[in-house]
Protein chains: 2
Amino acid sequence: MNMAQRRTTIKDVAEAAGVGVATVSRVLSGGSASAETRERVLATAARLDYRPSALGRNLRQQRSGGIGLLVPDITDSFYARLTDGVLSCARSYGEPVTIGVTGDDPEQEAELIGTLIEQSMDRVIAVPSGDGETWAPALRAGLNVVFADRQVRDDVPGVVADDRAGVRTAVEYLVGLGHKKIAFLARHGQSQRVAAFTDTLASLGVPADPELVVHARASRDSAYAAAAGLLQHRADLTAVLTGGNMLGEAMVLAARELHVRIPRDVSLVMFDDVPWAELCSPPLTVIAQPAQDVGYRAAELVLRQGRRPRTVTLPTELIVRASCGPRR
Amino acid sequence: MNMAQRRTTIKDVAEAAGVGVATVSRVLSGGSASAETRERVLATAARLDYRPSALGRNLRQQRSGGIGLLVPDITDSFYARLTDGVLSCARSYGEPVTIGVTGDDPEQEAELIGTLIEQSMDRVIAVPSGDGETWAPALRAGLNVVFADRQVRDDVPGVVADDRAGVRTAVEYLVGLGHKKIAFLARHGQSQRVAAFTDTLASLGVPADPELVVHARASRDSAYAAAAGLLQHRADLTAVLTGGNMLGEAMVLAARELHVRIPRDVSLVMFDDVPWAELCSPPLTVIAQPAQDVGYRAAELVLRQGRRPRTVTLPTELIVRASCGPRR
DNA sequence: AAGCATGATGGAATCGTTTCCATGAACATG
DNA sequence: CATGTTCATGGAAACGATTCCATCATGCTT
């Protein structure tokens, strides 16, 4: 606060209105006051352009207002939309949102959790980055945590999209088109989606080939290398399911560079719908997840934390566009 | 803080270490202390798992640590990348980032500015949403503000991409291909880009048609309607420059639906490079702006606020892909 | 030896708001 | 009339960290 005029405090308002500071505080927070006193205080506060200091309030109340949000990567459209959902809900409650980016790394996540504890940020939404152990200190410190997109602890409520059902539907669709050699390009940490993939193949009596489940790290380069590797080394491949939008992107690029035609040579289904999925030629068939709703619902949950932890599962939806065809 | 054990305070550490609280504070913040005292205090703090409370610190120092960031839309790839740049820089300084989304609406922006003032968030980066008047209270309250992407006040430093040069290069490129009927699909608030467009046409001796400068609001629907309108009502159009990635998206979709072929019927240059620009068929020619750098540099600037306001301009770059052809 | 400067230390005050608790007034009930 | 309840009000305490300022010890210079 450099060279600024001294800000108006609650004491200034109390003095100018001829009441005590407790009365001003009560008036501004909806406590008991006579109508006449209330009007006088409100008029005085407006005249003096009084803005309560969140600093004093936070210390007295032993908590920071607002929501802490940790996501792996803000430039990934899915997390950006999830974040937008959180921001949208928080806005309607007048709550600021503090964001941290974990890089999908448990160590970075632990560090950011520490910062949240220092700030007594007692309402936290997170896309967790590990197996959930990093969250023990936060729970011990009494933070209200809600997980979004991934659920890694039984004692923490969450909001997730039904990715099992989504994967199952997509696999059923591809098998229905006659595909037998279907690959799953996954990111690390998507074991649930991978399990749904292999389980569905088994239940449909399609032999699963473990080498057709390929993992990529979080970077675009790694995604591209894994996608290109698949297309180059498995000429028998007729369909690919990708575990996220960045992996779908990598697959489209690799196919283009290797002159693999979609869907004629290889059919493609991408997990997550993003605006550009329609811009591709051909437009991509996707498993749409309600990212914004996940975020919005998580924010609702953390702002209205109930007694019992529970996890809300939102539906996914297969959107058939033009990136899949019959087995060649 | 529900049902949590009482957190360790600086008093606990002082007592256990046999020193005064001022000494503990000094040790933890790098002030003067003997080596022996320093070691004893650090060991005690670690043993008690002491975490300083940001609440007490903020009130005493009359400021919140961290950076406030206001962007128009977190789901727009450009702002997501800009945000990522801010987050990246802030992380290296250990500073949390609090985000607000303005919807590119000055009223919402004013509201969020009010929240920042209450929080005494004295370092703020913003993509401003109006003509800059909404920022007067923030400046009066002594907030250190840095604008990103748009510069609307002389008294506030900023980091912007050189969109004039970018537009000029693109227009020169299209005119070089023989195009005379070039439209500019702009978003409200992009007057500088529009001016560069019309100025460059004039300097190249190409008659400018005011009806070929079309404005769209911030929503995807509005963008699509404006794009479709252009293609439908101006059959003489041979090239389009769009003012941002969402407008480019709309143009691609509209062209596809109206069976306008890019680049055979209409050449297209999009302002801003996004990952999907390459996924299009054909891959889009773009004016790339260094969104991440803009954010990073803005954060550097606000964290190391100097004496004099100045604006840093980062270069843009024309990336020629396949969405432009000779005039038909 | 005397005076001054420096470094280390700690008690108390500060920051702005909320909340506790005591008091007074007004009203209702027995 | 006496007692109890409710509402409105205000002074003081609380919150946790930082910082101010006084004090002491030590070392250096004249």
Side-chain angles (χ1 to χ4, degrees), chain A residues 1 4-42 44-45 48-66 115 117-122 141-142, chain B residues 1 4-42 44-45 48-66 115 117-122 141-142:
Chain A
M1 300 299 230
Q5 59 204 79
R6 193 188 69 95
R7 79 188 283 171
T8 306
T9 69
I10 198 168
K11 285 180 194 169
D12 301 321
V13 177
E15 198 168 302
V19 298
V21 292
T23 302
V24 176
S25 185
R26 266 190 301 262
V27 167
L28 295 182
S29 61
S32 78
S34 70
E36 195 263 335
T37 301
R38 176 182 311 277
E39 279 180 32
R40 194 163 77 245
V41 169
L42 291 175
T44 306
L48 298 185
D49 197 26
Y50 171 64
R51 283 185 178 283
S53 161
L55 305 184
R57 183 171 63 235
N58 291 345
L59 179 61
R60 182 64 180 79
Q61 296 186 331
Q62 290 286 290
R63 56 180 291 270
S64 287
T115 301
I117 293 172
E118 276 189 29
Q119 296 187 311
S120 300
M121 182 71 67
D122 68 342
Chain B
M1 301 297 228
Q5 60 205 83
R6 193 188 69 93
R7 79 188 283 168
T8 305
T9 69
I10 199 166
K11 285 182 194 168
D12 300 321
V13 177
E15 198 169 303
V19 297
V21 290
T23 301
V24 176
S25 186
R26 266 190 303 261
V27 167
L28 294 181
S29 61
S32 77
S34 70
E36 195 264 335
T37 300
R38 176 182 310 280
E39 280 181 29
R40 194 163 76 247
V41 169
L42 290 175
T44 305
L48 298 184
D49 195 27
Y50 170 64
R51 282 186 179 283
S53 161
L55 306 184
R57 182 171 63 236
N58 291 346
L59 179 60
R60 182 63 180 81
Q61 295 186 334
Q62 288 289 290
R63 56 180 291 270
S64 288
T115 301
I117 293 171
E118 275 188 29
Q119 296 187 311
S120 300
M121 182 72 67
D122 69 341

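Here dC21(C) presents its P atom at 14 Å from CZ of R26(A), a figure rounded to the nearest Å. The separation between I10(B) atom CD1 and dA12(C) atom P is 16 Å, rounded to whole Å. In this structure, L55(B) places its CG atom 16 Å from P of dG16(C), rounding to the nearest Å. Rounded to a whole Å, the CZ atom of R63(B) is 12 Å from the P atom of dT18(D). One can place CD of Q119(B) at 15 Å from C1' of dT17(C), the figure rounded to the nearest angstrom. In this structure, the CZ atom of R7(A) is 19 Å from the P atom of dT14(C), given to the nearest Å. dC15(C) atom P lies 16 Å from atom CG of N58(B), rounded to whole Å.
Ranking dT18(D), dT18(C), dC15(D) by closeness to the Q62(A) side chain, first place goes to dC15(D). Distances were taken from every side-chain heavy atom of R60(B) (C-beta onward) to each of dT18(C), dG16(D), dG16(C); the shortest belongs to dG16(D). Checking dG10(D), dT9(C), dA8(D) against the side-chain heavy atoms of A22(A) singles out dG10(D) as nearest. Among the nucleotides dG16(D), dT9(D), dG16(C), the one closest to the side chain of S53(B) is dG16(D).
Each of K11(A) and E36(B) has a nearest nucleotide on DNA chain C; the 5'-most of these lies closest to E36(B). Nearest-nucleotide positions on DNA chain C for L59(B) and S34(B) put S34(B) closer to the 5' end.
Evaluation of the salt bridge (charged side-chain N to carboxylate O under 4.0 Å, His left out) rule for R57(B) yields E118(A) as partners, not counting sequence neighbours. Considering only residues two or more places apart in sequence or on other chains, T9(A) meets the side-chain hydrogen bond (donor to acceptor under 3.5 Å, both in side chains) condition with D12(A).
Note on G56(A): a base of the nucleic acid sits closer than 4.0 angstrom, heavy atoms only. Using a 4.0 Å heavy-atom cutoff across all strands shown, V24(B) reaches no nucleic acid atom at all.
A donor-acceptor pair under 3.5 Å links the side-chain atoms of S29(B) to the main chain of S25(B), judged by distance alone.
For the pair Y50(A) and L28(A), the tightest heavy-atom approach, listed with the atom from each and the gap, is CE2-CD1, 3.4 Å.
With hydrogens and angles left out, the side chain of R51(B) and the base of dG16(D) share no donor-acceptor pair within 3.5 Å.
For dA17(D), neither phosphate oxygen OP1 nor OP2 lies less than 4.0 angstrom from any side-chain nitrogen or oxygen of Q61(B). Close to dG7(C), at under 4.0 Å from its OP1 or OP2, lies no side-chain N or O of S32(B). Between T9(A) and the phosphate of dG16(C), there is no side-chain N or O to OP1/OP2 separation shorter than 4.0 Å. Under 4.0 angstrom from either OP1 or OP2 of dT17(C) there lies no side-chain N or O belonging to S25(A). Here T37(B) reaches the OP1 or OP2 of dT9(C): one of its side-chain N or O atoms lies under 4.0 Å away.
Atom OG in S64(A) sits 5.0 Å away from atom CG in L55(B) (nearest 0.5 Å).
The pair E15(A)-K11(A) fails the salt-bridge criterion, with no side-chain N (NZ, NE, NH1 or NH2) lying under 4.0 Å from an Asp/Glu carboxylate O.
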